[in-house]
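Computed over heavy atoms, backbone and side chain alike; hydrogens, waters and symmetry mates excluded. Letters go in sequence order (proteins before strands), and every chain restarts at 1.
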2 protein chains.
Amino acid sequence: MSAHITNAIRKLRFEHNEMTQQQLADAVDVSRQTIVAIEKGKYSPSLEVAFKIARQFDKSVEEVFFWQQQG
Amino acid sequence: MSAHITNAIRKLRFEHNEMTQQQLADAVDVSRQTIVAIEKGKYSPSLEVAFKIARQFDKSVEEVFFWQQQG
DNA sequence: CAAACATGTCAAATATTTTTGACATCAACT
DNA sequence: AGTTGATGTCAAAAATATTTGACATGTTTG
């Protein structure tokens, strides 16, 4: 029932000067554990955090997060 | 500190055959109160609900939700 | 080897989102 | 006048996201 959301955060971090999880966390003002959890798909972020992460990489939300509908 | 996110849900509901809050709620599988709260900007939704609402209107997340960065 | 760093994980506490149920108002209709 | 439907609000509970602090692992560097 719950939709699954994947993301390209890890890929984008490496493409952006090998940014570390801690650096991204600081840049978007969340904890490192939050970045880890989102990156690993443990849960999906709030829309606000999603916007912050996307903008950090100069991307749209949909270029970073991928939603696949369930049946 | 908290970024503000506005949205075009009400406008889109009316553009889509005057869809009611209840119909939208049913379509994206949340309660009517959730639609009311998001529509009125009481809080911003999860990324998952944001995706569902956007797709309901055949829009991207960014065509429905507008994030304004804080200083 | 030891120190530093990046990553992963866990558990408990806190914050935020979402649900449920109830009630109020207003407009449209019979 | 009464009913129905759409919207708004409130409060408490439940679910989910986020934080904090701690610890473990592997890699790199002095």
Colleague: With a non-hydrogen cut-off below 4.0 angstrom, is A/T34 in contact with a base, only sugar-phosphate, or nothing?
Modeller: base

Colleague: If you check every side-chain atom of A/T20, which of C/dT18, C/dA6, C/dC10 has the closest atom?
Modeller: C/dA6

Colleague: Would you please test B/H4 and A/E48 for side chain to side chain contact (heavy atoms under 4.5 Å, CB included) and show each step?
Modeller: CA-CA 8 Å; B/H4 200 218; A/E48 189 170 325; over 6 Å; no

Colleague: Would you classify A/S31 as touching base, sugar-phosphate or nothing, given that sugar-phosphate means primed atoms plus P, OP1 and OP2, and contacts are heavy atoms under 4.0 Å?
Modeller: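 Since a base atom lies under 4.0 Å of A/S31, the category is base.
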
Colleague: Separation of A/L24 atom CG from C/dA6 atom C1', in whole Å?
Modeller: 14 Å

Colleague: Kindly point out which of C/dT19, D/dA6, C/dT9 is positioned nearest to the side chain of A/R32?
Modeller: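 Nearest to the side-chain atoms of A/R32, counting from C-beta on, is C/dT9.
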
Colleague: Under a single-linkage definition using a 4.5 Å side-chain heavy-atom cutoff for Ile, Leu, Val, Met, Phe, Trp and Tyr, are A/M19 and A/F51 assigned to the same hydrophobic cluster?
Modeller: yes

Colleague: For a quick test of reading the model: is some side-chain N or O of B/R13 closer than 4.0 Å to OP1 or OP2 of D/dT7?
Modeller: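 Answer yes for this pair, as a side-chain N or O of B/R13 is under 4.0 Å from OP1 or OP2.
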
Colleague: Report the distance from atom CG of B/L47 to atom P of D/dA15, rounded to the nearest whole Å.
Modeller: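 It is 22 Å, rounded to the nearest whole Å.
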
Colleague: Can you see if the side chain of A/S46 gets near the phosphate of C/dT17 - specifically, an N or O under 4.0 Å from OP1 or OP2?
Modeller: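 No, no such contact exists.
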
Colleague: Let's see if you can work this out: which of D/dG21, C/dG8, D/dG8 has an atom nearest to the side-chain heavy atoms of B/R10?
Modeller: D/dG8

Colleague: Rounded to the nearest angstrom, tell me the gap between atom CD1 in A/I38 and atom C1' in D/dT16.
Modeller: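 Rounded to the whole Å, the gap is 12 Å.
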
Colleague: If I take atom NZ in residue B/K40 and atom C1' in nucleotide D/dG8, what distance separates them, rounded to the nearest angstrom?
Modeller: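 So the NZ-C1' distance, B/K40 to D/dG8, works out to 7 Å.
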
Colleague: Measure the CD1-CD1 distance between B/I9 and B/I53 for me, rounded to the nearest 0.5 Å.
Modeller: 4.0 Å

Colleague: To the nearest Å, give me how far apart CG (B/D29) and P (D/dA15) are.
Modeller: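 In whole Å, D/dA15 P and B/D29 CG are 15 Å from each other.
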
Colleague: Nearest nucleotide by nearest heavy atom, which residue falls closer to the 5' end of DNA chain D, B/K42 or B/F14?
Modeller: B/F14

Colleague: For the side chain of A/Y43, starting at C-beta, report the closest nucleotide among C/dG8, D/dT18, C/dA6.
Modeller: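 Given the options C/dG8, D/dT18, C/dA6, the side chain of A/Y43 is closest to D/dT18.
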
Colleague: Report the distance from atom CG of B/D26 to atom C1' of C/dT19, rounded to the nearest whole Å.
Modeller: 14 Å

Colleague: Starting at CD of A/E18 and ending at C1' of C/dT7, how long is that distance when rounded to a whole Å?
Modeller: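 The answer, rounded to whole Å, is 14 Å.
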
Colleague: Indicate, with yes or no, if A/Y43 and A/V36 share a hydrophobic cluster defined by side-chain heavy-atom contacts under 4.5 Å among Ile, Leu, Val, Met, Phe, Trp and Tyr.
Modeller: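 No, A/V36 does not connect to A/Y43 through the hydrophobic network.
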
Colleague: Contact class for B/V36 vs. all strands (heavy atom < 4.0 Å): base, sugar-phosphate, or nothing?
Modeller: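 Base, at least one base atom sits under 4.0 Å.
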
Colleague: 5'-most contact on DNA chain D: B/Q22 or B/Q33, nearest heavy atom basis?
Modeller: B/Q22

Colleague: Rounded to the nearest angstrom, tell me the gap between atom CD in B/E39 and atom P in D/dA6.
Modeller: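 My rounded result for the distance is 14 Å.
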
Colleague: Between the base of D/dG8 and the side chain of B/Q21, is there a donor-acceptor distance below 3.5 Å?
Modeller: no

Colleague: Minimum heavy-atom separation for B/V30 to B/I35, with atom names?
Modeller: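 Shortest heavy-atom contact: CG2-CD1, 3.7 Å.
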
